[in-house]
2 protein chains.
Amino acid sequence: MNIIDEAGLLALATRLQRLSERMRKDGEDIYKAMGIHFQPKWFPVIYVLLHRNTLSVVEIAGEIGYSHPSTITLLKELEKEKLIRSGKDKADERKRLLQLSAKGRKLVTQMEPVWDIITAATIDLIDTQHNLMRAIEEVEERFRLQSFLQRALSLIKAHKEDDATGS
Amino acid sequence: MNIIDEAGLLALATRLQRLSERMRKDGEDIYKAMGIHFQPKWFPVIYVLLHRNTLSVVEIAGEIGYSHPSTITLLKELEKEKLIRSGKDKADERKRLLQLSAKGRKLVTQMEPVWDIITAATIDLIDTQHNLMRAIEEVEERFRLQSFLQRALSLIKAHKEDDATGS
DNA sequence: TTTATTTATGTAGTTAACTACGTAAATTTG
DNA sequence: CAAATTTACGTAGTTAACTACATAAATAAA
């Protein structure tokens, strides 16, 4: 038990990050062990293009929840790997439309059994009493209703009103 | 519902990271709203020095679960802010011993009510059916028993053995 | 008691995200 | 329809973590 575990709720962000990093690093090793040249950070882009077929840069960024410059960096890497291809939108000259390439689609079919294993291993890891996936979904839902900041500010306000009443 | 939410378990690492970033950013704004010049990333170091009093660089790194170079960077910032001070260990010339400064201890007393608010806001956010804190504790415990990679490799092995038996 | 190994700290360079800003195309408004 | 605004994309620079390597002190081994 280190101090971050002891600090509990105050260090929650740190612990979430640590867990995320560990999973991503292991993810990388799983692909490697299966002889597949693929980085976990590419997954969101590949997955969205698999399911939505053709999207612009900003649309992809929106779907994966990243800023558009970060998305552009990922797209550059994926084009270099020839897993995706891009072309101008004829209807709107500002837009660049992205798709999986033949190589990309082929890699996806190779990865699908690996994705099944990753999913199974994830279930093996997180299917505890307080299921992590459910917990995240529930917290994201609460975030949608009111941000962490707003919750804190409400508490501060309530605290100040208590003081005023008590004097 | 974006594609990352739909991808579910495969994109768990991405979602953990996103949640962590949102909480950290809001944390920064909470300190700001309370007129306290403090960055959430400093918390682990300050908290460990508050509770362990005097520690070396590597000891701090171990406690907060960061690499020692990352820790050194944090320590430099905190020394610049004059929240901590350091001196050589007389018994071991290699070691640099860190402590909270008077200014650091004073800031801690100012922050303690804010920490209470952050804790309360966190409870408000995560106290759902599948409590996130419990979920993380349970997953970390499982990680200790067997890594994500090892779990996946076991599944791959089991899968291959099935194939062999089936032929 | 030299020599080899380990431990503690530090530096340099990398990575993967970000924000801020700039340009060009499309759209809306006066 | 000309001007202003918005949208889409891109570049530059920042940040907060990391790994790899270097050096010096302490400890262990020959």
Side-chain angles (χ1 to χ4, degrees), chain A residues 4 11 13-29 38-46 54-81 84 86-98, chain B residues 4 11 13-29 38-46 54-81 84 86-98:
Chain A
I4 295 306
T14 304
R15 289 174 79 175
L16 286 169
Q17 193 190 343
R18 235 161 58 182
L19 204 51
S20 169
E21 267 164 28
R22 273 203 272 184
M23 290 198 72
R24 194 164 289 195
K25 190 162 297 171
D26 277 17
E28 214 173 310
D29 292 341
F38 192 75
Q39 293 182 232
K41 65 170 171 168
W42 294 339
F43 175 79
V45 173
I46 294 297
T54 305
L55 291 174
S56 73
V57 175
V58 170
E59 282 166 346
I60 293 171
E63 283 284 344
I64 69 177
Y66 282 11
S67 68
H68 84 268
S70 307
T71 305
I72 288 170
T73 306
L74 288 173
L75 294 174
K76 269 184 194 157
E77 287 178 30
L78 288 167
E79 269 198 286
K80 204 170 171 185
E81 298 285 332
I84 62 170
S86 72
K88 276 242 175 306
D89 183 350
K90 278 153 195 166
D92 186 339
E93 284 289 312
R94 296 168 305 174
K95 282 189 186 172
R96 193 153 70 93
L97 295 179
L98 287 302
Chain B
I4 295 304
T14 303
R15 288 174 80 174
L16 286 169
Q17 193 190 345
R18 233 159 60 181
L19 205 50
S20 169
E21 267 164 29
R22 273 203 273 184
M23 290 198 72
R24 194 164 289 195
K25 190 162 299 171
D26 277 16
E28 213 173 310
D29 293 340
F38 191 75
Q39 293 182 232
K41 64 170 172 170
W42 294 338
F43 174 78
V45 172
I46 294 296
T54 305
L55 291 173
S56 73
V57 175
V58 170
E59 281 166 348
I60 293 171
E63 284 284 345
I64 68 177
Y66 281 12
S67 69
H68 85 267
S70 306
T71 306
I72 288 170
T73 306
L74 288 173
L75 294 174
K76 268 184 195 158
E77 288 178 28
L78 288 167
E79 270 198 285
K80 203 167 169 186
E81 298 285 333
I84 62 170
S86 73
K88 277 242 175 303
D89 183 351
K90 279 152 195 166
D92 186 340
E93 284 288 312
R94 296 168 306 176
K95 282 189 185 171
R96 193 154 70 91
L97 294 179
L98 287 302

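Excluded from the calculations below are hydrogen atoms, water molecules and symmetry mates; all remaining heavy atoms, backbone and side chain alike, are included. Every value quoted in this text rests on a predicted model; they were computed, and no experiment measured them.
Here CD1 of I72(B) is found 13.0 Å from CD of E77(B). Values are rounded to the nearest 0.5 Å. Annotation: the span from L74(B) atom CG to I84(B) atom CD1 amounts to 9.0 Å, rounded to 0.5 Å. The line from CG of L55(B) to CG of L75(B) is 10.0 Å long, rounded to the nearest 0.5 Å. Atom CZ of R24(A) is separated from atom CG of D29(A) by 13.5 Å, given to the nearest 0.5 angstrom. Rounded to the nearest 0.5 Å, atoms OG1 (T71(A)) and CD1 (I60(A)) are 7.5 Å apart. Taking OG of S86(B) as the start and NZ of K76(B) as the end, the distance is 11.5 Å to the nearest 0.5 Å.
At least one side-chain heavy atom of L78(B) sits under 4.5 Å from a side-chain heavy atom of V45(B). T14(A) has its side chain within reach of P44(B): a pair of non-hydrogen atoms, C-beta onward, lies under 4.5 Å apart. The shortest distance between side-chain heavy atoms of K88(B) and E93(B) falls below 4.5 Å.
Computed from coordinates, the K90(A) NZ to dA26(C) P distance equals 15 Å when rounded to whole Å. One interatomic measurement links the two molecules: CD1 of I60(B) to C1' of dA8(C), which rounds to 13 Å at whole-angstrom precision. Here dA24(D) presents its C1' atom at 15 Å from CG of D89(B), a figure rounded to the nearest Å. Taking atom NZ of K88(A) as the reference point, atom P of dA26(C) lies 10 Å away to the nearest angstrom.
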Taking N or O atoms only and anything under 3.5 Å, show me the protein contacts with nucleotides 15-17 of chain D, one pair per line.
from	atom 1	to	atom 2	distance (Å)
dA16(D)	OP2	K41(B)	NZ	2.6
dA17(D)	OP1	R24(B)	NH1	3.0
dA17(D)	OP1	Y66(B)	OH	3.2

With 3.5 Å as the limit, what N/O pairs link the protein to nucleotides 5-8 of chain D?
from	atom 1	to	atom 2	distance (Å)
dT7(D)	O2	R94(A)	NH1	2.8

N/O to N/O distances under 3.5 Å, protein versus nucleotides 21-23 of chain C:
none

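A salt bridge links E79(B) with R96(B): the distance from a Lys NZ or Arg NE/NH1/NH2 to an Asp or Glu carboxylate oxygen falls below 4.0 Å.
Residue K76(A) places at least one side-chain N or O closer than 4.0 Å to OP1 or OP2 of dT11(D).
A donor-acceptor pair shorter than 3.5 Å can be found between the side chains of S67(A) and S70(A).
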